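Presented below is the structure to which this report refers.
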Amino acid sequence: MNKKIEIYSLIAGIVFLISGIAKALSVNDFANLIAQYGFESLRFLAPLIVLAEILLGLLLVFQVGLKYTALLSASLVVLFTLIFVYGLIFNGIEDCGCFGKITVLNTSPVFTFIRNIVLIYLLLAVWRKSENNWQMSQWTVGVIVIVMVAVAFMSGYTYQNGGKMKKTSKFANKALETSVLKDFITTSKDSTYLVFAFTYSCPHCMNSIENLKQYEASGVVDKVIGLAIEDSVREQKFKAVFKPEFGITNYPAKTLLRIAETVPKAYYIRNDSIIAELLGELPCSYVFEKTIKKRE
């Protein structure tokens with residue numbers, strides 16, 4: 001195998017590893033993105049996709065079974081590209097989710113297409129020019145097993161713990177007028193608010209709605225504000241089923257992603273300041289109130 005093919009394999013493998021590890025840092029966010037694409041029933045595939053990317057990346061880096069590994073990897077990139085095209089056209093989603101929370105790598109759709117085309121070219125070149133050598137040293141096997149086990153643990157942890165409330169350093173006690181959120185809502189300084197960003201298809205969003213209704217009714221906040229990704233068909237069904245008692249404003253996916261890279265996401269606002277950010281399924285108002293008081 002010539003040096004050029006070895007370099008191609010190494011580059012493609014590193015891209016797969018970065019992509020998989022970035023997703024593993026927050027598999028729940030990746031699962032929510034799958035739901036935003038309109039495939040909410042396939043959210044459970046998120047950890048499996050991460051593990052598949054890591055395994056293929058390791059095999060490419062160590063140049064194991066390249067004939068099949070490269071072909072399978074190229075097929076996966078083609079599939080992901082087609083899904084991205086679908087999400088872009090029908091749901092207006094410009095985030096391919098390729099690199100999880102490493103937002104600097106999740107750039108414009110044009111760059112995504114260029115990157116994927118280059119990656120497919122490299123992988124097909126490897127497939128054409130390589131041999132199927134499955135021999136691995138004990139050191140290589142050990143590294144692959146250790147990395148796979150570590151990523152599997154990380155993926156399971158971030159998938160199961162994606163719904164915890166946190167008071168983030170980015171938003172805690174930040175003046176509303178200095179945040180992007182000011183472009184979406186109008187508030188009064190003497191009132192409290194819970195702003196809930198969601199989609200009409202996300203199962204975690206729907207699981208949060210009954211809890212969300214409690215916040216204003218129980219007096220924990222003065223007003224609940226809903227911000228949703230526009231979807232006229234699912235919106236009608238959503239309102240028929242849940243009968244929301246709070247106002248909802250719809251936005252294109254690209255616009256709402258400015259304040260919520262993943263959904264559901266909520267902001268607790270008091271005195272025109274963002275006090276807390278809530279990620280994942282919304283807790284009931286009683287639990288929320290107790291948690292906030294403990295942290296203050």
Side-chain angles (χ1 to χ4, degrees), residues 28-29 31-32 35-36 40 43 159-231 234-251 256-296:
N28 189 68
D29 288 349
N32 283 340
Q36 289 180 47
E40 58 268 19
R43 293 180 78 262
Y159 188 58
Q160 293 298 326
N161 291 278
K164 290 186 175 180
M165 182 175 70
K166 66 178 183 179
K167 195 173 182 179
T168 66
S169 58
K170 182 178 180 182
F171 288 104
N173 297 312
K174 180 176 181 179
L176 182 62
E177 63 181 11
T178 64
S179 75
V180 178
L181 195 57
K182 73 178 188 305
D183 297 332
F184 293 80
I185 61 173
T186 301
T187 61
S188 298
K189 190 170 184 179
D190 60 351
S191 298
T192 56
Y193 302 85
L194 191 77
V195 180
F196 187 68
F198 69 103
T199 74
Y200 295 111
S201 60
C202 166
H204 289 286
C205 299
M206 289 184 277
N207 285 340
S208 302
I209 297 303
E210 292 304 321
N211 283 342
L212 181 61
K213 291 180 179 179
Q214 299 173 3
Y215 280 70
E216 188 173 333
S218 63
V220 172
V221 299
D222 296 312
K223 187 175 182 180
V224 169
I225 300 174
L227 306 176
I229 293 178
E230 57 187 10
D231 185 336
R234 289 193 174 101
E235 179 183 4
Q236 292 181 3
K237 184 176 181 180
F238 173 88
K239 290 184 175 179
V241 172
F242 294 101
K243 298 178 175 57
E245 299 166 354
F246 51 89
I248 301 173
T249 304
N250 297 317
Y251 294 93
L256 195 62
L257 286 174
R258 292 172 58 201
I259 61 166
E261 295 176 357
T262 59
V263 292
K265 191 170 190 177
Y267 299 94
Y268 174 58
I269 299 172
R270 187 181 61 211
N271 297 327
D272 280 348
S273 295
I274 300 174
I275 305 300
E277 174 185 346
L278 294 80
L279 305 177
E281 290 186 11
L282 197 65
C284 70
S285 58
Y286 174 75
V287 171
F288 168 79
E289 189 174 32
K290 288 183 62 177
T291 303
I292 285 294
K293 286 181 179 179
K294 284 182 181 179
R295 297 189 179 193
E296 293 179 332

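Quick caveat: nothing in here was measured; it's all calculated off a predicted structure.
- Between Tyr268 and Phe288, the distance separating the two ring centers is shorter than 6.0 angstrom.
- A distance of 12.0 Å separates NZ in Lys265 from CG in Leu227, rounded to the nearest 0.5 Å.
- Atom NZ of Lys237 has 12 or fewer neighbouring heavy atoms from other residues, nucleotides or ligands inside a 6.0 Å radius.
- The ring pair (Phe, Tyr, Trp, His ring centres under 6.0 Å) test applied to Phe198 returns Phe196, Tyr200, Phe238, not counting sequence neighbours.
- Interatomic distance, CG of Asp272 versus OG of Ser191, reported as 9.0 Å (0.5 Å rounding).
- Here the options are Val195, Thr186, Ile185, the test is side-chain contact (heavy atoms from CB on, under 4.5 Å), and the partner is Leu176; only Ile185 passes.
- For the atom pair Ser273 OG and Lys189 NZ, the distance stands at 8.0 Å (nearest 0.5 Å).
- At least one side-chain heavy atom of Tyr215 sits under 4.5 Å from a side-chain heavy atom of Leu282.
- Looking at heavy atoms from C-beta onward, Asp231 lies out of side-chain contact with Thr199 at the 4.5 angstrom threshold.
- Between Lys239 atom NZ and Arg234 atom CZ the span is 15.5 Å, to the nearest 0.5 Å.
- Residue Thr192 forms a side-chain contact (heavy atoms from CB on, under 4.5 Å) with just one option from Thr187, Asp222, Ile269, and that option is Asp222.
- Counting only distance, with no hydrogens or angles, the side chain of Glu289 and the backbone of Val220 share no donor-acceptor pair below 3.5 Å.
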Start with the C-alpha distance between Ile248 and Glu235, add both sets of side-chain angles, then the distance that settles side chain to side chain contact (heavy atoms under 4.5 Å, CB included), and finish with yes or no. CA-CA 10 Å; Ile248 301 173; Glu235 179 183 4; 5.6 Å; no

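- In this structure, Glu216 contributes its side chain and Val224 its backbone to a donor-acceptor pair below 3.5 Å.
- For residues 240-249, no residue pair satisfies the side chain to side chain donor-acceptor pair (under 3.5 Å) rule, not counting sequence neighbours.
- Two residues are said to be in side-chain contact when any heavy atoms from C-beta on lie closer than 4.5 Å; Phe184 and Ser179 fail this criterion.
- In this structure, NZ on Lys290 lies 9.5 Å from SG on Cys284, to the nearest 0.5 angstrom.
- Ala197 and Val263 make their closest contact through O-CG1, 3.7 Å (heavy atoms, listed as atom of the first residue, atom of the second, distance).
- A distance of 9.5 Å separates CG in Leu256 from CG in Asn250, rounded to the nearest 0.5 Å.
- Evaluation of the salt bridge (charged side-chain N to carboxylate O under 4.0 Å, His left out) rule for Lys223 yields no partner, not counting sequence neighbours.
- By the 6.0 Å contact criterion, CZ on Phe242 is enclosed, its count of non-hydrogen atoms from other residues, nucleotides or ligands being greater than 12.
- In this structure, the side chains of Pro283 and Leu278 come closer than 4.5 Å at one or more pairs of heavy atoms.
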